[in-house]
Amino acid sequence: MAVEFKDYYKTLDVSRSATDEEIRKAFRKLARKYHPDVAKDKTVAEEKFKEINEAYEVLGDAEKRKKYDTLGADWKQGAEFRPPPGWQESGGFRGNRPGEHFEFHFGGTGFSDFFEQFFGGTRGAGGGEGVFEEVHGPRGARGAGGAFAQRGHDVEGDLLVTLHEAFHGSVRTVSFRSVDPRTAETGTHSFRVRIPAGVHEGQLIRVAGKGETGAGGGTPGDLYLRVRFAKHPDFRVRGSDLYYDLELMPWDAVLGATVSVPTLDGNVSLRIQPGTRTGHKLRVRGKGMPAGKEGRGDLYAVVTIQVPEQVTEEQRKLWEKLAGVGGSDEW
């Protein structure tokens with residue numbers, strides 16, 4: 001199936017030869033600018049944020065980036081795209097099987113058709129306009145008059161969820177258009193999906209009766225949406241804990257300081273002890289993600305020491321003076 005090609009390098013405004021660090025920095029810069037929680041025009045920002053996340057989902061993963069690069073560099077943004085020969089056999093292409101399964105074109109879940117077809121998760125992964133594949137076989141039973149009632153297939157896909165949604169809970173409107181490859185008949189559906197507060201990465205949200213339509217009077221299948229967290233410019237998630245990279249200037253690490261650290265529900269002040277080193281973790285209890293009956297996880301501020309890229313002549317003289325009075329064995 002032809003889909004619109006997505007130029008992820010253009011989306012992040014980096015070259016195809018960009019390093020992993022350059023890609024990470026580009027994502028963080030754009031994500032901070034367009035994050036729906038801080039942008040003034042939230043509608044525009046939300047769509048841009050999804051595009052940025054999708055691009056980083058691929059280019060920020062070594063294996064996905066390698067697969068993406070095999071698609072070629074000559075495709076234009078918006079062009080109709082079909083996979084190159086051999087992609088399906090190599091395991092890179094994951095499409096519906098013509099003549100066997102319904103095609104489901106989704107809206108409102110976070111990723112494009114292009115991502116879904118080439119980089120979606122196992123047997124279907126969620127997207128803004130994605131194609132989801134049936135994953136569970138139908139169950140049939142003989143009904144009255146000998147008719148064979150067949151339950152519709154279940155459908156599984158991924159749902160892109162921001163940390164703000166996972167923290168507070170949310171309701172998302174999801175739509176899809178199903179296409180029966182045998183008859184070319186289409187059906188359009190729209191429904192609301194509740195994202196519970198405290199939902200975890202990989203958790204399935206079941207939407208009863210929203211899968212494939214049953215045959216012979218059989219009941220419809222169900223829709224299962226697998227939660228995938230949108231990449232956040234500041235936080236990493238591990239279970240119910242959050243990790244934040246706390247960048248310190250050398251003098252703050254040596255002399256100590258009081259710094260402000262963001263959390264999902266406001267800033268907190270942390271005291272930096274003199275002599276703090278790179279890699280040191282500062283724990284803030286109860287400022288992570290919801291953890292059910294256990295309350296909330298923790299926030300860990302992980303220290304990195306930043307070195308100024310440029311210094312003035314006066315600053316250089318001070319650094320040279322410091323180098324002259326302190327040996328490396330004294331640090």
Side-chain angles (χ1 to χ4, degrees), residues 27-54 56-57 60 106-111 121 125-128 130 156-176 190-208 210 223-246 260-270 282-302:
F27 164 75
R28 293 182 68 178
K29 178 181 178 180
L30 291 171
R32 286 194 177 104
K33 179 179 179 180
Y34 292 104
H35 198 288
D37 293 347
V38 298
K40 293 181 179 180
D41 190 335
K42 295 189 180 299
T43 301
V44 173
E46 183 176 350
E47 290 305 312
K48 187 68 175 178
F49 186 69
K50 290 177 182 177
E51 294 174 4
I52 294 166
N53 249 279
E54 179 175 314
Y56 189 62
E57 182 77 20
F106 276 68
T109 54
F111 293 105
E156 182 178 322
D158 287 352
L159 182 67
L160 187 69
V161 174
T162 66
L163 291 189
H164 185 272
E165 289 178 306
F167 183 80
H168 296 282
S170 178
V171 176
R172 182 83 62 81
T173 297
V174 175
S175 63
F176 71 82
S190 181
F191 48 90
R192 293 165 70 81
V193 176
R194 185 179 70 87
I195 302 170
V199 68
H200 285 178
E201 178 95 41
Q203 184 174 336
L204 289 174
I205 297 177
R206 176 175 175 264
V207 186
K210 295 301 182 181
L223 169 65
Y224 292 88
L225 296 175
R226 186 181 305 277
V227 171
R228 294 178 69 166
F229 284 159
K231 298 293 189 297
H232 195 281
D234 296 319
F235 303 115
R236 301 184 302 279
V237 184
R238 295 180 185 173
S240 297
D241 296 329
L242 294 176
Y243 286 76
Y244 170 77
D245 290 328
L246 176 58
S260 179
V261 172
T263 75
L264 289 176
D265 51 355
N267 289 0
V268 297
S269 294
L270 291 182
L282 299 170
R283 182 181 183 183
V284 186
R285 294 181 182 275
K287 286 298 182 179
M289 299 294 290
K293 296 181 180 179
E294 300 177 3
R296 289 175 59 179
D298 300 326
L299 170 69
Y300 291 89
V302 184

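Not measured: the values here are computed from a predicted model.
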Hey, is the main chain of P233 close enough, under 3.5 Å, to the side chain of R28 for a donor-acceptor pair?
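Answer holds: yes.
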Donor-acceptor under 3.5 Å (R296 side chain, G288 main chain):
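The answer is yes, because a donor-acceptor pair under 3.5 Å joins these two groups.
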Return the [atom1] to [atom2] distance between [X] and [Y], rounded to the nearest 0.5 Å.
{"X": "L204", "Y": "L223", "atom1": "CG", "atom2": "CG", "answer": "10.0 Å"}
{"X": "D298", "Y": "M289", "atom1": "CG", "atom2": "CE", "answer": "13.0 Å"}
{"X": "H168", "Y": "L264", "atom1": "NE2", "atom2": "CG", "answer": "7.0 Å"}
{"X": "T263", "Y": "Y244", "atom1": "OG1", "atom2": "OH", "answer": "11.0 Å"}
{"X": "Y300", "Y": "R236", "atom1": "OH", "atom2": "CZ", "answer": "13.0 Å"}
{"X": "K33", "Y": "F49", "atom1": "NZ", "atom2": "CZ", "answer": "14.5 Å"}

Are any non-hydrogen side-chain atoms of [X] and [Y] less than 4.5 angstrom apart?
{"X": "L163", "Y": "L242", "answer": "yes"}
{"X": "V237", "Y": "H200", "answer": "no"}
{"X": "L159", "Y": "R172", "answer": "yes"}
{"X": "V261", "Y": "L299", "answer": "yes"}
{"X": "V161", "Y": "E201", "answer": "no"}
{"X": "R194", "Y": "I205", "answer": "no"}

Might you point out which heavy atoms bring [X] and [Y] nearest each other, and give the distance in Å?
{"X": "A291", "Y": "S240", "value": "CB-OG, 3.5 Å"}
{"X": "Y34", "Y": "I52", "value": "CD1-CD1, 3.7 Å"}
{"X": "P262", "Y": "N267", "value": "CA-OD1, 3.3 Å"}
{"X": "H232", "Y": "F27", "value": "O-CE2, 4.1 Å"}
{"X": "G202", "Y": "R226", "value": "O-NH1, 3.4 Å"}

Establish, for the pair K231 and Y56, whether the NZ or CZ atom is under 6.0 angstrom from the six-membered ring centre and no further than 45 degrees off its axis.
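Judged by the rule (NZ or CZ under 6.0 Å from the ring centre, within 45° of its axis), K231 is not positioned above Y56.
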Stepwise salt bridge (Lys or Arg N to Asp or Glu O under 4.0 Å) check, K50 with E46
CA-CA 6 Å; K50 290 177 182 177; E46 183 176 350; 3.8 Å; yes
Kindly indicate, with the supporting measurements, whether the criterion side-chain contact (heavy atoms from CB on, under 4.5 Å) is fulfilled by T162 and F167.
CA-CA 9 Å; T162 66; F167 183 80; over 6 Å; no
